[in-house]
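Just so it is clear: chains get the letters A, B, ... in the order the sequence lines come, proteins before strands, and each one is counted from 1.
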There are 2 protein chains.
Amino acid sequence: MVDCANCPLRKLDSFETLNREETAFMRRFKHGELKVDPGTPLLMEGSNSPQLYTALRGMGLRYKLLPNGKRQVVNFVLPGDFIGLQAGLMGEMQHSVEATTPMVLCVFDRAELWTLFKTEPERAFDLTWLAAMEEHFLGEALTTVGQMSAVQRLSWGLLRFFSKCHDLGLADGSRCPFPYRQQDLADALGLSLVHTNKTLMKLRQRQIVSLQDGCLTVRDPETLAKQALLEVESPRRRPLI
Amino acid sequence: MVDCANCPLRKLDSFETLNREETAFMRRFKHGELKVDPGTPLLMEGSNSPQLYTALRGMGLRYKLLPNGKRQVVNFVLPGDFIGLQAGLMGEMQHSVEATTPMVLCVFDRAELWTLFKTEPERAFDLTWLAAMEEHFLGEALTTVGQMSAVQRLSWGLLRFFSKCHDLGLADGSRCPFPYRQQDLADALGLSLVHTNKTLMKLRQRQIVSLQDGCLTVRDPETLAKQALLEVESPRRRPLI
DNA sequence: CCCCTCCTGTGTCACAGATTAATGCGCGCC
DNA sequence: GGCGCGCATTAATCTGTGACACAGGAGGGG
């Protein structure tokens with residue numbers, strides 16, 4: 001499922017065990033299970049919070065709240081995602097998770113983490129690998145939000161989400177569930193709601209994606225991928241002379 | 001040095017050993033040493049590259065190059081920083097490190113990583129902790145670039161860099177080295193060079209920071225910190241009637 | 001049925017920031 | 001000295017995006 005071909009050390013087939021189904025490993029270390037309903041934010045008060053989570057079922061989003069009321073969606077949470085390690089060390093911003101469909105989370109006791117490292121190096125390695133993947137994703141997100149236009153950001157965001165769904169086997173052909181509001185997309189990509197809406201309309205009118213009834217359909221993956229990396233037509237005006 | 005008070009598991013005094021000085025641990029696992037001169041980019045071709053690095057001395061920056069020639073500075077590299085785990089898994093964007101002062105890097109063999117997890121869980125734990133800290137930083141950076149104004153971004157960036165220096169003992173009072181060009185700052189914060197320059201001038205004229213001769217001086221830390229989180233004066237226009 | 005609320009769609013306008021260009025300044029080099 | 005080069009600075013202009021306002025549709029509840 002998850003592409004591990006690049007991992008130089010070993011085939012990480014154990015990755016799959018982190019996805020969607022509760023494994024023997026989870027059963028051993030888990031502290032409890034959590035069912036979360038859409039709309040209820042799950043606050044994570046930094047590393048003082050004694051809990052770590054793995055999403056088992058459902059989708060949600062991980063975000064930070066700013067003192068001025070704005071919100072940055074840091075990542076979309078899908079089954080298999082590990083949450084909580086990255087919670088605030090400094091405690092300046094509120095770090096939260098909110099479900100957008102009914103979710104089931106596997107809860108770990110943070111204090112067990114150290115045990116894990118001593119007794120199950122393979123699992124510890126997986127964990128680190130996941131953290132590195134997340135770090136890579138965030139670097140890409142930062143690059144996109146920092147350097148790209150609205151069309152490119154949307155293209156990147158939708159494509160990324162779709163591939164993640166696809167890797168998890170949640171996509172049906174070019175279709176995947178997308179239980180988010182436009183406001184969520186806007187907050188994830190550093191755009192305003194209105195502009196996100198208008199840009200989405202552009203993508204729809206160009207028959208590149210379709211987004212309705214909680215489903216995302218990628219109609220033109222090539223163009224989408226091209227736009228996600230580089231403006232299709234060079235927007236550079238030619239000099240006047 | 002690095003604040004570990006929040007780590008619930010144990011006092012991470014071993015962190016210090018990752019900073020600046022080469023330790024017995026490094027000597028055991030290290031594959032070589034690398035001296036890098038300013039201006040020579042060190043390409044990291046994803047996890048296919050067999051190497052991982054720890055910065056021992058000097059400063060630099062880690063960035064991604066886009067096909068359209070733009071650049072996103074992902075983080076500033078200081079002594080003690082671990083580099084390479086987060087290199088591209090997908091290989092879309094070029095991920096590189098460039099020194100801005102002469103640097104010394106400790107080179108690890110990527111294949112040794114797995115050995116480390118089996119034989120030195122403490123070190124493996126440190127590594128994961130570092131990855132989590134980096135992840136937290138990137139989340140904050142994303143939030144800043146996605147939601148904040150130019151003044152706030154600059155304030156956040158400078159403050160962050162200064163605290164990092166301070167934690168590493170590289171700062172002298174309110175002064176720390178800053179071997180970067182304004183273009184580097186601009187690329188880190190998703191701003192244009194010109195606008196970065198103008199905003200910097202504003203901060204200087206308000207006696208909040210001073211930036212010259214490769215040194216950053218924080219003159220008014222309170223205001224800086226306030227601005228880094230929330231616009232000081234609310235920029236909301238009052239209605240016309 | 002109406003009323004209310006949440007969300008999407010669309011037009012208008014203002015502004016923060018991008019772009020371009022020109023200047024100055026220090027520095028190394030021939 | 002004169003030249004080129006890299007970088008900081010400043011000004012002038014343009015534009016992508018945000019802010020605001022409002023209409024319409026979809027539910028939900030009494």
Nucleotide C:dT8, atom P - distance to CG of A:L203 in whole Å: 15 Å
side-chain contact (heavy atoms from CB on, under 4.5 Å) partners for B:S210, two or more places apart: B:Q212, B:T217, B:R219
Spacing between A:L211 atom CG and C:dC7 atom P, to the nearest angstrom: 15 Å
Integer-rounded Å distance: C:dC7 C1' and A:F178 CZ: 15 Å
Aromatic ring proximity B:F161/B:Y180, centre distance under 6.0 Å: yes
Whole-Å gap separating P (D:dT9) and NZ (B:K202): 15 Å
Salt bridge (charged side-chain N to carboxylate O under 4.0 Å, His left out) partners of residues 141-150 of chain A, not counting sequence neighbours, each pair once: none
Qualifying residues under side-chain contact (heavy atoms from CB on, under 4.5 Å), relative to B:R204, sequence neighbours excluded: B:Q182, B:L200, B:M201, B:L211
Neighbours of DNA chain C within residues 187-200 of chain A, by heavy-atom distance under 4.0 Å: A:V194, A:N197, A:K198
Spacing between A:L154 atom CG and D:dT17 atom P, to the nearest angstrom: 11 Å
Sugar-phosphate, base or nothing in reach of A:R204, heavy atoms under 4.0 Å: sugar-phosphate
Residue B:Q182, side-chain atoms from C-beta onward, closest of D:dA8, C:dT10, C:dC7: D:dA8
Student check: side-chain heavy atoms of A:T196 and A:L189 closer than 4.5 Å: no
Global bending angle along the helix from C:dC1-D:dG30 to C:dC30-D:dG1, which compares the axes of five pairs at either end, to 10 degrees: 30°
Spacing between B:R71 atom CZ and C:dA18 atom C1', to the nearest angstrom: 17 Å
Inter- and intrachain pairs under side-chain hydrogen bond (donor to acceptor under 3.5 Å, both in side chains), touching residues 184-194 of chain B, at least two apart: B:R71-B:D184, B:R71-B:D187, B:R181-B:D184, B:Q183-B:D187
Spacing of A:M148 atom CE relative to C:dA18 atom C1', expressed in whole Å: 17 Å
Any residue meeting side-chain contact (heavy atoms from CB on, under 4.5 Å) with A:K198, in chain and number order, not counting sequence neighbours: A:V194
Set of ring-ring contact (aromatic ring centres under 6.0 Å, His included) partners for B:Y63, sequence neighbours left out: none
By side-chain contact (heavy atoms from CB on, under 4.5 Å) - contacts of B:V97 (at least two apart): B:L42, B:M44, B:R62, B:I83
